[in-house]
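I am attaching a structure below and will ask some questions about it afterwards.
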There are 2 protein chains.
Amino acid sequence: MAANHAHRDDNLLEDIQSRLDSLNKSERKVAEAILRDPSAATRYSIAALARAADVSEPTVNRFCRGFSATGFPDFKIRLAQSIATGTPYVGQNVEPDDTVAEFADKIMLSTIASLDKARQSLDPKALGTVIDYLIQAKQINFFGMGGSASVALDAQHKFFRFNIPVTSYDDALMQRMVAAGAQVGDVIVLISYTGRTKEAVEIAKVARANGATVIGITNPESPLAECCTAVLGVTAPEDTEVYMPMSSRIIHLTVIDILATGVTLKRGKDFLSHLKKIKESLKATRYPLE
Amino acid sequence: MAANHAHRDDNLLEDIQSRLDSLNKSERKVAEAILRDPSAATRYSIAALARAADVSEPTVNRFCRGFSATGFPDFKIRLAQSIATGTPYVGQNVEPDDTVAEFADKIMLSTIASLDKARQSLDPKALGTVIDYLIQAKQINFFGMGGSASVALDAQHKFFRFNIPVTSYDDALMQRMVAAGAQVGDVIVLISYTGRTKEAVEIAKVARANGATVIGITNPESPLAECCTAVLGVTAPEDTEVYMPMSSRIIHLTVIDILATGVTLKRGKDFLSHLKKIKESLKATRYPLE
DNA sequence: CATTATTTTTATAAAATTACTACATAATGC
DNA sequence: GCATTATGTAGTAATTTTATAAAAATAATG
């Protein structure tokens, strides 16, 4: 797997800004020259920047080293990244007087950020285990309540293509009934944001008591996680910000995507033709691509 | 809007990826060496990269010029920006013999990439218009079929909190009935991946004929888009890769998030207390945070 | 308070690294 | 086999870095 790009919140530009006061005369001149037009600075040579700041070249070099760069070229690279990262909204919350463009961008970026976080924290081993369970399943049931109902529905829709009996339920009563009638070989996937919904925990216990495999897509540190056969942990960020939508649904959906893909891959080629057939059968209902 | 730097969607990395086939032997070696570890490439000197790609230095230089850089240093800067822009390894498809960790990562990254693409292409003006329509709505109906059913359901769940009559339907018959009975002041949001589902197009026409506002969250170049009052365009990436899940659902969900947030913001403070009450009322059904 | 010692800051110039150009050779296609 | 394109070699130009010296600032002493 390709090595990961580590830096994310490098923000060199912000760094320069904040350290402006603690710099000496010449170095401040350099800082000011850079801040005056940061993207132009990335195109300058050390000589050009020295001229623009009215200092000598080694001063610029020392300045760069001061910001823990190995030298001027390295500094320029970091500066370029800092500018491109220049999405100042990461981590910023939606404010009541944001313009549409602003809050749309903030929501998009925070969604992206939480997906990236999930990417790093998801345990491939647990994923593998869950995929194995799903392949062996005689029947799969996706349970989600409230905001997770749509995730369960989506999962049903995706797994329906696999020719396995699959259902999804969004009300506790039906879930409890299915759990009560579950057997060895059945898989129940519980999708819950907090993992602290009482009903969900009880349903998980009932299902396990009957020998069913219970998989939780939920907060790993939660009562629900403790009574599952296997858990796919999606750490829930705090739900404090009123205006910020919860991005957990989206992470859950992506986890479903991964599971579905895993099942497809493990099932092998002959199964692929089955998938293609389904795709074909849908074409009749559509306008042609012109 | 905060002085956002002319976000030229340079995406050099994507460029390199896509032009991989049209390169000659040596230049492809360079491209592959860069794609193998792009962030490392930003730290290389031209000599180091030449060695890594097993070609000569001028070849690297020519390669850089081929991507309209003035030279190697300029190329490195652009590469650094492209990496920081947060569109990491795109275009890497899931292969049948990927490990779980590998394909999980690929799916996550491609989802992130398509979200970022959507971020850049979404039209804030259209968003604003749609938000205004939603605020004025007497009733909102979310229609989604097949894979979009879960998105519609999610939207219903979100907008339910706004105290507006809101419904969602996933079967064409019910949708058609609602459309037939629609009135001026009603808003119908049609969610469709391709925008070429015959049923959806007809339903849109019926609803508009009755004076309802029809909003499409769909492919902007589609029959459906043409008969809507307002369109939020989400350009659909090709559905050619068998193993790659469609990320459009996730983009659609995020668009719903943005719309819901927009409605909340425009509704103002007094409305906020209403939202808080709903959140409170949910706590009783949960285990405490210990 | 002036003067000198010490430290810090800054610049000059030389050394080293890095990138580029011109040209030659090899490979490819007609 | 000739024309064209592709690639590499070697030398040159450029840029950056280091070493070192001068200047400025600060502190210390008479």
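These figures come from a predicted structure and were not determined experimentally. Numbers restart at 1 for each chain; the letters A, B, ... are given by sequence-line order, proteins then strands.
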Next on the checklist: Using only atom types and a distance under 3.5 Å, with no angle test, would you say the side chain of A:Asp74 pairs donor to acceptor with the backbone of A:Thr70?
Outcome noted: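 Side chain of A:Asp74 to backbone of A:Thr70: a pair is present.
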Checklist entry - Can you check the A:Leu49 CG to D:dT15 C1' distance for me, whole Å? => result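 The distance from CG of A:Leu49 to C1' of D:dT15 comes to 14 Å, rounded to the nearest Å.
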Next on the checklist: Does the Lys NZ or Arg CZ of B:Arg19 fall within the cation-pi geometry relative to B:Phe67 - under 6.0 Å from the ring centre and within 45° of the axis?
Outcome noted: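 So B:Arg19 does make the cation-pi contact.
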Every protein N/O lying under 3.5 Å from an N/O of nucleotides 24-26 of chain D:
unit_1 : atom_1 : unit_2  : atom_2 : d
D:dA25 : OP1    : A:Lys25 : NZ     : 3.4

Next on the checklist: Just N and O in the side chain of B:Asn24: are any of them under 4.0 Å from OP1 or OP2 of C:dA27?
Outcome noted: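 No, no such contact exists.
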Checklist entry - Does a side chain donor of either A:Thr59 or A:Ser56 reach within less than 3.5 Å of an acceptor in the other side chain? => result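 Yes.
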Item to check | Flag, side chain of B:Thr218 to backbone of B:Ser192, donor-acceptor distance under 3.5 Å | outcome: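 Judged by distance alone, yes, a pair lies under 3.5 Å.
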Checklist entry - Tell me: CG of B:Asp74 to C1' of D:dA14, nearest whole Å? => result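 Taking atom C1' of D:dA14 as the reference, CG of B:Asp74 is at 15 Å.
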Item to check | Distance in Å, A:Ile251 CD1 paired with A:Ile217 CD1, rounded so as to fall on 0.5 Å steps | outcome: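 Going from the CD1 atom of A:Ile251 to the CD1 atom of A:Ile217 covers 11.5 Å.
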Item to check | Distance, rounded to the nearest Å, where B:Arg62 contributes CZ and D:dT5 contributes C1' | outcome: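 Taking CZ of B:Arg62 and C1' of D:dT5, I get 11 Å after rounding.
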Checklist entry - Under 3.5 Å, side chain of B:Lys106 to main-chain N/O of B:Val94, donor-acceptor pair present? => result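 Answer holds: no.
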Checklist entry - Rounded to the nearest Å, what distance is computed from the CZ atom of residue B:Arg28 to the P atom of nucleotide D:dA6? => result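 Result: 12 Å.
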Checklist entry - Thinking salt bridges, do B:Asp21 and B:Arg28 make one under a 4.0 Å N-O criterion? => result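 A salt bridge is absent here (no side-chain N lies under 4.0 Å from a carboxylate O).
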Next on the checklist: Using whole Å, what does the distance between atom C1' of nucleotide C:dT10 and atom CG of A:Leu23 come to?
Outcome noted: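 Result: 15 Å.
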Checklist entry - Heavy atoms under 4.0 Å, any strand shown: does B:Val60 hit a base, just sugar-phosphate, or nothing? => result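 Here B:Val60 touches no strand at all.
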Item to check | A:Gln17 side chain vs A:Glu14 backbone, donor-acceptor pair below 3.5 Å | outcome: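 It does not hold such a pair.
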Checklist entry - Which letter, B, S or -, goes with each nucleotide of nucleotides 12-21 of chain C from 5' to 3', with contact meaning a protein heavy atom under 4.0 Å? => result B------SBB
